[in-house]
Amino acid sequence: MRNNSEKIFIAVAWPYVNGNLHVGHLAGYLLPADVFARYQRLRGRDVLMVSGSDCHGTPITVQADKEGKKPVEIVNEYHKRVVELFDLYDLTYNLYTKTTTENHKRVVHELFLELLKSGFIVKGVMKQYYSAKDNKFLPDRYVEGICPHCKAKEQRSDQCENCGRWLKDGELIDPVSKLSGESVELKDTEHYFLDFPKLENDLKRYLNGEFDENNEKKSKKEIWREWVFAEAFGWLSEGMEKRAITRDLDWSIVLPEKEIKELAKKGEILEDQVLANFEGKRIYVWFEAVTGYLSAPQEWNGLVQSDPAANDNKTVYKKTKERLFRYFKSQSKNWKDWWMNPNSKHYYFMGQDNLVFHTLMWPGQLIGANKGRKANEKYALPYNVVVNKFLNFNKAKFSKSRENIIDSREIAEEFGTDAVRYFILSNLPENKESNFIWERFVDVVNDELVANLGNFINRTLVFYDQKMMGKLESGEIEEVVKENIHSMIEKTGKYLEKVEFANAIYHGLMELARFANRYFNDKEIWSLIKTDKKAAENVMYNLLQLVEALRLIIRPFLPMAATKLSKILGREEMEHSASKDDWGFTEVKETKLTGKVELLFEKIDKELVLKDKTGK
RNA sequence: CGCGGGGUGGAGCAGUGGCAGCUCGUCAGGCUCAUAACCUGAAGGUCGUACGUUCGAAUCGUACCCCCGCAACCA
């Protein structure tokens, strides 16, 4: 089934599953992506949001060595925890999967072979440390020796931590394997490389918005955050080099050796494009993980096809230890509607460490693949690459080893996900780094979320319940109230379209909450009710319209509170569906309280929390 | 000269040529429906430094100082 609503693809960075996710992950990409997705769905757009666990690469094997386990055990354990965490925060992925699936491997192989055929993947030779004792090549991380500059011992092979100097291949004195302690030697090793110099010109055109596959012809300078564009442009101007896409590893996706050899036999690639030896060669994680953006939608497609409820056009949510899967009512069931549709818009969310991979490398991979694809099967390129800087803690990076960390699950269990969402979203490191400070967290939650937004809704509903029996059937909306509601909803939406979350909160959502409190005060409904009951009822009618507007506007940001409020008001949940634009205010004539009036947000005991968290 | 980002009242941030703004905090007043919440008002800044361009600079140029990211278990 097809529908005509605008297609929005939301690609969320794939976290390494070598540990638990901390608050920095939430701020970097998880929460912004979810808010954006929820908002787009409320606008009736057909959103496909995917991500998964990045299961390969050295960080995984390092963690496995540390815990004395196999990589696959590490991956399964932490993947399961990430799935639990995302379920707890109710992040609305259509699919959260992982890179160890057969589907992913198939798609990576496909992309690899396409790039090989169109000549963007070439062979090359590099030097790598080889351990005769272990009988294999070792990643830099597994080799240490003496720094030739400062003579410090036990330094890694790429940079000396002691003097900070970069080391060239072979400069390290007496290199030894960290695994066996035996000495290692530099040896030539043959690998595949992605030929970025060949893609450079197309990437320039891509940034300038001139690219064929990009319909809008708008420079990325106008769309991306200013500093994101500047950084990407800087990298590109420096000139790009060929980059290895295979490594000598044993924990990663294997090369499609058979298919490569067949292509050579059929003459579709040159004999010279075949490696002399495939032994121990695996696909480098940076090439493979981003390909998840292409493989996950296909996995989702398969799940939708085989799900009876989805085929009945019902909203589906399924959580297993393997994945999170969702289908929203009246969504398209065909992944190609997002990927092979020049009108679909692709938004990528990530932390700044991933900037180059998503602004240049991944578009390069797609552009290369598109060269060999038919006009109607070309992949859509990233429209906006939304990058956040880092959220620091105690003026330093979050760090596992230094125990400078706040666990995402723990903070949610202690304060609730809405409080965490509100604080983080209103303090995002959108243009510069920001800091997580406990005192600020408590102040922001208490003074803004609880005292302003929460208090307005509470004082209105309590008054309504106690003084008016929670029953009112009609009234007249005041022009100024209507005006404010409409302009604040519009403003919030405008900022969200531009992926400016703090602005959306402060110049939209909270502005409306402040207006509402002012209106309550100015009308003095508590005295009015004693002198003119009819007039008081009309004021209440207006207050209830404001509550209704807030119920709508908080929905993308504070989903738990929105649901709770819907229950109290006895209103239908605003349902995510890919057809109806709900982001508009409709006056509600009648409000009957069906649930008990409860607090939406709880105040935090500042003294207690500060003592607990900082010892002060 | 590796590439980038940032330095604005106590805190966090907006503002890219035209009277220096927002949220929080502080102080004073008001209100009492509400989670001691809400509303009004005030104090508080020579916009990192210096020179320059301009009728006019936080905003443009040049030089300099400081902090940070990109490369290390990390987003």
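A quick note: this is a predicted structure, and the numbers were derived from the prediction, not measured. First the proteins, then the strands, lettered A, B, ... as listed; each starts at 1.
By the 4.0 Å N-to-carboxylate-O rule, A:Glu497 lies too far from A:Lys494 to be salt-bridged with it. In this structure, A:Lys606 pairs ionically with A:Asp443, as a charged nitrogen and a carboxylate oxygen lie closer than 4.0 Å.
Between B:C13 and B:A58, the distance separating the two C1' atoms is 14 Å to the nearest Å. Here, B:A71 and B:U54 have their P atoms 44 Å apart, quoted to the whole Å. Here, B:G9 and B:A50 have their P atoms 16 Å apart, quoted to the whole Å. Comparing the C1' positions of B:G25 and B:G61 gives an interatomic distance of 38 Å, to the nearest angstrom. As rounded to the nearest Å, B:G15 and B:C33 have C1' atoms that lie 38 Å from one another. On the C1' atoms, B:A14 is 10 Å away from B:U23, given to the nearest whole Å. Rounded to whole Å, the separation between the C1' atoms of B:G30 and B:A37 comes to 15 Å. Rounded to whole Å, the separation between the C1' atoms of B:A43 and B:C27 comes to 7 Å.
With ring centers used as reference points, A:Tyr348 lies under 6.0 Å from A:Tyr293. Between A:Phe601 and A:Tyr422, the distance separating the two ring centers is not shorter than 6.0 angstrom.
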Between the protein and nucleotides 6-9 of chain B, list the N/O to N/O atom pairs that are separated by less than 3.5 angstrom.
none

If you restrict it to nitrogen or oxygen atoms, what contacts under 3.5 Å exist between nucleotides 65-68 of chain B and the protein, and what is each distance?
| unit_1 | atom_1 | unit_2 | atom_2 | d |
| --- | --- | --- | --- | --- |
| B:C68 | O2' | A:Glu433 | OE1 | 3.2 |
| B:C68 | O2' | A:Glu433 | OE2 | 3.2 |

Pairs: protein N or O with nucleotides 33-41 of chain B N or O, under 3.5 Å:
| unit_1 | atom_1 | unit_2 | atom_2 | d |
| --- | --- | --- | --- | --- |
| B:C33 | O2 | A:Arg459 | NE | 3.1 |
| B:C33 | N3 | A:Arg459 | NE | 3.4 |
| B:C33 | N3 | A:Arg459 | NH2 | 2.5 |
| B:C33 | N4 | A:Arg459 | NH2 | 3.0 |
| B:A34 | O3' | A:Asn458 | OD1 | 3.3 |
| B:A34 | O2' | A:Asn455 | OD1 | 2.8 |
| B:A34 | O2' | A:Asn458 | OD1 | 3.3 |
| B:A34 | N1 | A:Arg459 | NH2 | 3.4 |
| B:A34 | N3 | A:Asn455 | ND2 | 3.2 |
| B:A34 | N3 | A:Arg459 | NE | 3.1 |
| B:U35 | N3 | A:Phe601 | O | 2.7 |
| B:U35 | O4 | A:Phe601 | O | 2.7 |
| B:A37 | OP1 | A:Lys603 | NZ | 2.7 |
| B:A37 | O3' | A:Ala451 | O | 3.4 |
| B:A37 | O2' | A:Ala451 | O | 3.0 |
| B:A37 | O2' | A:Asn455 | OD1 | 3.3 |
| B:A37 | O2' | A:Asn455 | ND2 | 2.8 |
| B:C38 | O2' | A:Arg459 | NH1 | 3.0 |
| B:C38 | O2' | A:Asn521 | OD1 | 2.7 |
| B:C38 | O2 | A:Asn521 | ND2 | 3.4 |
| B:C39 | O4' | A:Asn521 | ND2 | 3.0 |
| B:U40 | OP1 | A:Arg518 | NE | 3.3 |

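Here the side chain of A:Thr417 pairs no donor or acceptor atom with the backbone of A:Tyr89 at under 3.5 angstrom. A donor-acceptor pair is defined here as one N or O able to donate and one able to accept, closer than 3.5 Å; such a pair exists between the side chain of A:Arg421 and the backbone of A:Phe557. With A:Lys564 contributing its side chain and A:Leu599 its backbone, the two residues share a donor-acceptor pair below 3.5 Å. Looking at A:Trp438, its side chain never comes within 3.5 Å of a backbone N or O of A:Lys611 through a donor-acceptor pair. A donor-acceptor pair under 3.5 Å is formed between the side chain of A:Tyr464 and the backbone N or O of A:Thr591. The backbone N or O of A:Ala289 lies less than 3.5 Å from no partner atom in the side chain of A:Asp54, so there is not a single donor-acceptor pair.
Shown here for A:Ser434 and A:Leu428, the closest heavy-atom pair between the two residues is OG-C, 4.1 Å. Of all heavy-atom pairs between A:Ser53 and A:Tyr96, the closest is OG-OH, 2.9 Å.
Below 30°, between 30° and 60°, or above 60°: for A:Phe436 and A:Phe423 the angle between ring planes is above 60°, a perpendicular geometry.
Across all strands shown, A:Gln63 has no heavy atoms under 4.0 Å from either base or sugar-phosphate atoms. The residue A:Gly351 sits close only to the backbone: its heavy atoms come under 4.0 Å of sugar-phosphate atoms, none of a base. Among the protein residues, A:Ser434 comes within range of the sugar-phosphate backbone only, with heavy atoms under 4.0 Å from sugar or phosphate atoms but none that close to a base. Heavy atoms of A:Leu391 sit under 4.0 angstrom from at least one base atom.
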task = Decide side chain to side chain donor-acceptor pair (under 3.5 Å) for A:Asn435 and A:Arg440; before the verdict, give the C-alpha distance in whole Å, the side-chain angles of both, and the deciding distance to 0.1 Å.
result = CA-CA 9 Å; A:Asn435 266 289; A:Arg440 224 181 116 60; over 6 Å; no
ask   = Run the side chain to side chain donor-acceptor pair (under 3.5 Å) check on A:Lys98 and A:Asn76 step by step: do they pass?
value = CA-CA 10 Å; A:Lys98 54 184 177 182; A:Asn76 288 340; 3.2 Å; yes
Step-by-step side chain to side chain donor-acceptor pair (under 3.5 Å) determination, A:Gln63 to A:Tyr16 = CA-CA 11 Å; A:Gln63 186 65 24; A:Tyr16 268 129; over 6 Å; no
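Note: CH2 (A:Trp235) to P (B:G69) measures 15 Å, nearest angstrom. Atom pair A:Glu448:CD and B:G25:P shows a separation of 8 Å (rounding to whole Å applied). Atom CZ of A:Phe229 and atom P of B:G5 are 12 Å apart (whole Å). Rounding to whole angstrom units, CG of residue A:Asp54 and P of B:C73 are separated by 14 Å. In this structure, the CD atom of A:Glu439 is 11 Å from the C1' atom of B:C24, given to the nearest Å. Protein atom CE of A:Met488 is 14 Å distant from nucleotide atom P of B:C22, rounded to whole Å. Atom C1' of nucleotide B:G12 and atom CG of A:Leu428 are separated by 13 Å, given to the nearest angstrom. Atom CD in A:Glu226 sits roughly 14 Å away from atom C1' in B:A14 (whole-Å rounding).
Mapped onto RNA chain B by nearest heavy atom, A:Glu231 and A:Glu524 fall at different nucleotides, with A:Glu231 at the one closer to the 5' end.
Taking a 4.0 Å limit (strictly below) on heavy-atom distances, residues 495-512 of chain A reaches RNA chain B at A:Tyr506.
In this structure, OH in A:Tyr284 is found 9.5 Å from NE2 in A:His191, a value given to the nearest 0.5 Å.
Shown here are the side-chain hydrogen bond (donor to acceptor under 3.5 Å, both in side chains) partners of A:Asn20, two or more places apart in sequence or in another chain: A:Arg81.
For the strand RNA chain B, secondary-structure stems (runs of at least three Watson-Crick or G-U pairs, all distances below 3.5 Å) span B:2-7 with B:65-70, B:10-13 with B:21-24, B:26-30 with B:38-42, B:48-52 with B:60-64.
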